[in-house]
Amino acid sequence: MDVPLRDVCKYVNEKVNVIGVVVETTFAKKTMGTDYCCALRIIDDTRHDFSMAANVFGKSTENLPLVAALGDIIQLSFVSVTTYRGEANVTFNKNTSTFALYKSKDDDGLNSYQVSRPYFVPKDEDKIIINKLRKWLINFQFSEDSSKFPFFRELKEETFVNLACKILHHSEAAKDEWVIFVWDGTDTQSNAICSNLENELKNPLPLQRDHLSLPRDILCTFPTVGTILRIIFHIGVEKSHFHLLTIGKWVKINNLRLKLYAGLWHGIFTVQTKLQYISNEDQLIAERQRSVASLVDSIWCIILLKLMYVSYEFWSRLADERLSLILGRMPNLSFPEPSPITVVNHRDHVRPVTLMSVLTHSKVTAIFKCVVRVVAAMPCKAENLRSSTGKYRMRLTLEDPTARIHALVIEEDVVTLFDGIPDAEKLERKLNKLLGISEDNSIGGVKDTTRNPPWVCVCLKSYYLSKDDIWGTRNFRVFDTKILEDSS
DNA sequence: TTGGGG
């Protein structure tokens, strides 16, 4: 019985044939039973406000429908109708049901690109339905409530979220351990930091592991504004549908687990995580692109640009909604307003850049002004400030919404930073200020401190250690930066 | 059988 999706609910406990557009899919996963499963959701022109679940089982992942792209058409024959929580859905039985997959566009006519059984041929009436669905889909807007898809800047708690984001890159961090880099143009909020400063040498506050391991030519393709979120795969998720995470494409990822690790957000793609159909014209993409859209189009900005000698990059980081902020004061994103805790020498006119701009800068040696949080410092005791060679040196861990890096402070720069060689009391007082440690929670007292470092302005220089590998041995130093005494 | 948005 060929049934439009609207009428499937009339055939509970019966077998039906349906043809629908695949708007969601999980990756293949092992079931609690004997098989593998792919949970799809489908729509058609008779039912598109709320998709219908179609669960397909197979002996192996190869027996499951591997949709080439969301929005493709699936023909499901002899599937049983059941209800779950008041909703009808269809179940594909590996012994009796069949499926066939067709592209959403008619590039290859009515040839299916995957079938569950060989020699499967669609009937003429099936072909009519497929053609009708293809035509209907062209003008169909699969719209979604924006509030179900928060921006990165709205992420607050460890939970499951839906994200609409752009895939920037994939990387195999270790054998079969993939990291996906996604971005939506906004900055995640800064988080409290909890680490034992005295243990920073043995157990340092982690950087994003991949910043240094990614090839430089890849890193340089990354946007320099907006947080890049890392997504890892939970155990048990087959990589069957990896191709749906196409680099450069926007995707909707549903039910992604969100975790904080050492103050950094990352996503975990679980067996319940789904990829959802998104058209290039989707309003959610438009919203996100608007948030990073260049303001250069506006005459105002062209005038301002010329007047202020600021770069395209600077303006391109500003969302429309940030315009009012930038004109009044520094925006609270990418360039958070720094606290008056530090001063930088003679660089009032220099525009600050993000740490990702620093990492991807075209020259290996350069100087920068950045607005960052100092999330860790080593050593944190004055008596350890001198190295074995007698030099004063300190390693700071700096972060902004785009990256987290190490930067050294050496010799004369230590003197500048602390306004003289600091004794134990001065070092503790100034470091507490820089790291956002309250008096009663200070370094000398409680060892594991939860701290919320303030945004401060620093001068950074990049340099290299070996001429043979200038990029591989590139380091950063803080210089020309002074922690101010309390005005009180 | 299994899973079905959480």
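Here is the naming used below: chain letters follow the sequence lines, and residue numbers restart at 1 for every chain. Remember, it's a predicted structure, so these values are computed and weren't measured experimentally.
- At a threshold of 4.0 angstrom between heavy atoms, the contacts of A:Thr270 with the nucleic acid are absent.
- Residue A:Asn95 is classed as having no contact, given no heavy-atom separation below 4.0 Å to the nucleic acid.
- In this entry the distance linking CG of A:Leu64 with C1' of B:dT2 reads 12 Å, nearest Å.
- A:Gln276 has its CD atom 15 Å from the P atom of B:dG6, to the nearest Å.
- Within residues 73-84 of chain A, the residues approached by DNA chain B to less than 4.0 Å at the level of any non-hydrogen atom are A:Thr82, A:Thr83, A:Tyr84, in residue-number order.
- Using a 4.0 Å heavy-atom criterion, one finds that A:Lys94 contacts the bases of the nucleic acid, with or without backbone contacts as well.
- In the interface, the side chain of A:Thr91 is paired with the base of B:dG3 through a donor and an acceptor atom under 3.5 Å apart.
- Distance CG (A:Asn254) to C1' (B:dG6): 10 Å, rounded to an integer number of Å.
- For A:Ala39, the listed nucleotide lying nearest its side chain is B:dG4; candidates were B:dG6, B:dT2, B:dG4.
- Residue A:Arg85 places no side-chain N or O under 4.0 Å from the OP1 or OP2 atom of B:dG3.
- Applying a 4.0 Å cut-off to non-hydrogen atoms, the residues of residues 4-29 of chain A that approach DNA chain B are A:Glu24, A:Lys29, listed by residue number.
- Among residue pairs with one or both ends in residues 80-118 of chain A, those qualifying as ring-ring contact (aromatic ring centres under 6.0 Å, His included) are A:Phe92-A:Phe99; sequence neighbours excluded.
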Return a table of donor-acceptor pairs under 3.5 angstrom between the side chains of residues 56-70 of chain A and protein atoms on other chains or two or more places apart.
from	atom 1	to	atom 2	distance (Å)
A:Ser60	OG	A:Glu62	N	3.3
A:Ser60	OG	A:Glu62	OE1	3.1
A:Ser60	OG	A:Asn63	OD1	3.0
A:Asn63	OD1	A:Ser60	N	3.1

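- The cationic atom of A:Lys252 (NZ for Lys, CZ for Arg) does not lie both less than 6.0 Å from the six-membered ring centre of A:Tyr277 and within 45° of the ring axis.
- Looking at A:Asp126 and A:Gln75, their side chains do bring a donor and an acceptor atom within 3.5 Å of each other.
- Between A:Leu40 and A:Asn93, it is A:Asn93 whose nearest contact on DNA chain B lies nearer the 5' terminus.
- For the pair A:Asn255 CG and B:dG6 C1', the computed distance is 4 Å after rounding to whole Å.
- Within the structure, side-chain hydrogen bond (donor to acceptor under 3.5 Å, both in side chains) contacts touching residues 240-249 of chain A (residues at least two apart or in different chains) do not occur.
- A cation-pi geometry, defined here as NZ or CZ lying under 6.0 Å from the six-membered ring centre and within 45° of its normal, does not hold between A:Arg230 and A:Phe181.
- Judged by atom type and distance alone, A:Thr34 reaches the base of B:dT1 through a side-chain donor-acceptor pair under 3.5 Å.
- When the C1' atom of B:dG6 is taken as reference, atom CD1 of A:Ile268 falls 14 Å away, rounded to whole Å.
- With sequence neighbours excluded, the residues satisfying side-chain contact (heavy atoms from CB on, under 4.5 Å) with A:Thr26 are A:Cys38, A:Ala39, A:Lys274.
- Checked by atom type, the side-chain pair A:Ser146/A:Glu287 shows a donor-acceptor distance below 3.5 Å.
- The stacking criteria are not both satisfied for A:Phe57 over the base of B:dT1, which would need a centre-to-centre distance under 5.5 angstrom and an angle between ring planes under 30 degrees.
- The CZ atom of A:Phe92 sits 17 Å away from the P atom of B:dT2 (whole-angstrom rounding).
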request  = Assess whether side-chain contact (heavy atoms from CB on, under 4.5 Å) is satisfied between A:Phe149 and A:Gln276, documenting all intermediate values.
outcome  = CA-CA 12 Å; A:Phe149 288 83; A:Gln276 192 181 72; 3.6 Å; yes
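- Where A:Leu256 and A:Lys30 meet DNA chain B, the nucleotide closest to each residue was compared, and A:Lys30 sits on the side nearer the 5' end.
- Figure legend: cation-pi geometry between A:Arg153 and A:Phe151, with NZ or CZ positioned under 6.0 Å from the six-membered ring centre and within 45° of its axis.
- Atom-to-atom, CG of A:Asp35 to P of B:dG4 comes out at 14 Å; the value is rounded to the nearest Å.
- Going from atom CG of A:Leu258 over to atom C1' of B:dG6 covers 14 Å, rounded to whole Å.
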